[in-house]
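In what follows, a structure is listed as structure tokens, so that the remarks can point back to it.
It should be emphasised that the depicted structure is a prediction, and the values quoted were computed from it without experimental measurement.
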Amino acid sequence: MEDMKDISKKLQKILKPERFEHTIGVMYTAAALAMKYDVDIEQAMYAGLLHDCGKHCSAKDQMKLCKEYNIKLTESELEMPALIHAKLGAYLAEHKYKVKSPEILDAIRYHTTGREAMTMLEKIIYIADYIEPKRKMIPALPKVRVAAFTNIDEAVYICAGSTISFLEGTNRPIDTLTIKTYEYYKKQIGEK
């Protein structure tokens, strides 16, 4: 795996300044959550640093790169290109930045949709992306920030529910993984 400082310098050159600032916020938020939940801090920092590495270009260019790299896209991803950067990011993390850890790669891959039975690292990156300090106010943000450090499964549930509500409210398609994430974590926390 490349050195974190080297990756950071490369990302700073290719990401828009506000995207890079968000990335650094996610990396440090992931580190704080890793401390809380006894997860490898370095893994959390790498996953946080690389979670949006696929956003270095437009959605159209992301689609082209997925085709070039033989990354299969789902109907949901084709309908909602904002999801594509997660799969592309996992690919780039492995092939460009030399990440070999399947845990880090999966945390990057599922940071936008979540999935059922996520690992703690996956939950950390999913939540860190939502709550990092510079995140503009979005629905349920204060609740998710509190839950992130008290009951991470509840934080995932609230976050997935907020995402679904936002997408429904703006008449956008909802990825089935997000729905499954919401239903799974609803059961985990015993919500009726």
Side-chain angles (χ1 to χ4, degrees), residues 1-8 10-11 15 19-20 22-55 71 77 83-135 140-141 143-163 175-189:
M1 200 156 30
E2 276 192 50
D3 179 72
M4 212 174 297
K5 285 182 183 174
D6 292 339
I7 293 172
S8 183
K10 289 177 181 179
L11 290 175
L15 296 175
R19 175 67 47 202
F20 181 72
H22 162 74
T23 293
I24 297 304
V26 172
M27 179 180 74
Y28 285 117
T29 303
L33 288 167
M35 288 180 219
K36 163 70 177 157
Y37 293 104
D38 196 26
V39 169
D40 185 295
I41 297 167
E42 188 172 85
Q43 277 201 330
M45 290 182 76
Y46 269 106
L49 181 61
L50 288 164
H51 85 285
D52 272 353
C53 69
K55 276 197 170 179
I71 300 169
E77 290 162 339
L83 298 174
I84 294 171
H85 75 279
K87 270 187 185 171
L88 178 60
Y91 179 91
L92 293 173
E94 181 177 7
H95 298 278
K96 183 175 181 178
Y97 300 106
K98 310 299 182 216
V99 173
K100 298 299 174 215
S101 164
E103 293 84 9
I104 294 173
L105 297 174
D106 281 344
I108 295 167
R109 184 174 291 111
Y110 296 108
H111 83 270
T112 56
T113 59
R115 68 173 172 164
E116 298 170 293
M118 286 190 277
T119 65
M120 186 57 76
L121 181 60
E122 289 170 353
K123 290 184 236 183
I124 284 171
I125 301 306
Y126 181 76
I127 294 302
D129 185 36
Y130 197 87
I131 69 167
E132 62 92 1
K134 294 284 188 170
R135 178 63 85 176
L141 181 59
K143 278 177 78 172
V144 176
R145 282 183 171 155
V146 169
F149 290 93
T150 56
N151 182 341
I152 199 163
D153 285 352
E154 182 180 1
V156 170
Y157 165 70
I158 297 167
C159 186
S162 177
T163 300
D175 190 281
T176 55
L177 280 178
T178 302
I179 295 167
K180 288 179 179 179
T181 300
Y182 175 77
E183 293 298 331
Y184 180 86
Y185 286 95
K186 181 179 182 177
K187 289 178 188 155
Q188 295 306 302
I189 65 165

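- Enclosure of atom CG in D3 by more than 12 non-hydrogen atoms of other residues, nucleotides or ligands within 6.0 angstrom is indicated.
- With hydrogens and angles disregarded, no donor-acceptor distance shorter than 3.5 Å links the side chain of Y184 to the backbone of R115.
- Looking at every heavy atom in both residues, M35 comes nearest to I41 through CG-CD1, 3.5 Å.
- For the pair T178 and T112, the minimum side-chain heavy-atom distance is 4.5 Å or more.
- Under the 4.5 Å side-chain criterion, counting only non-hydrogen atoms from C-beta, F149 is in contact with I131.
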task = Just do the side chain to side chain contact (heavy atoms under 4.5 Å, CB included) check on L49 and I24 with the steps written out, would you?
result = CA-CA 6 Å; L49 181 61; I24 297 304; 4.1 Å; yes
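- S162 contributes no side-chain N or O that, together with a main-chain N or O of I158, makes up a donor-acceptor pair within less than 3.5 Å.
- For the pair V144 and I127, the minimum side-chain heavy-atom distance is below 4.5 Å.
- K143 contributes atom NZ, which lies 7.5 Å from atom CD of E154 (distance to the nearest 0.5 angstrom).
- Nearest approach of G89 to C53, heavy atoms of both residues: O-SG, 3.4 Å.
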query = What do the steps show when you test K123 against Y37 for side chain to side chain contact (heavy atoms under 4.5 Å, CB included), and what is the final call?
reply = CA-CA 10 Å; K123 290 184 236 183; Y37 293 104; over 6 Å; no
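- Between T181 and M118 the shortest side-chain heavy-atom distance falls below 4.5 Å.
- A47 and I108 get closest at one heavy-atom pair: O-CG1, 4.0 Å.
- Here the CD1 atom belonging to I104 is positioned 11.5 Å from the CD atom belonging to E94, to the nearest 0.5 angstrom.
- Annotation for L105 and A90: closest pair CD2-O, 3.4 Å, computed over non-hydrogen atoms.
- A heavy-atom distance below 4.5 Å is not found between the side chains of E2 and V99.
- Distance CE/M45 to CG/D40: 11.0 Å, rounded to 0.5 Å.
- For the pair S101/Y46, no side-chain contact is recorded, criterion being any heavy-atom separation below 4.5 Å from C-beta on.
- Rounded to the nearest 0.5 Å, atoms CE (M27) and CG (L11) are 10.0 Å apart.
- Evaluation of the ring-ring contact (aromatic ring centres under 6.0 Å, His included) rule for Y182 yields Y157 as partners, not counting sequence neighbours.
- Between the CG atom in D38 and the CG atom in L33 there is a gap of 13.0 Å [rounded to 0.5 Å].
- In this structure, the separation between CD1 on I189 and CD1 on I152 is 13.0 Å, given to the nearest 0.5 Å.
- For K100, the NZ atom is densely surrounded, since the number of other residues' heavy atoms within 6.0 Å is greater than 12.
- In plain terms, the two heavy atoms of L50 and A93 that are nearest each other are CD1-CB, 4.1 Å.
- Nearest heavy-atom pair across R109 and A86 is O-CB, 3.4 Å.
- In this structure, the side chain of T163 engages the main chain of C159 through a donor-acceptor pair within 3.5 Å.
- Residues K55 and H22 have side chains not in contact (no heavy-atom distance under 4.5 Å, counting atoms from C-beta outward).
- Here the side chains of H85 and H111 are in contact, with some heavy-atom distance below 4.5 Å.
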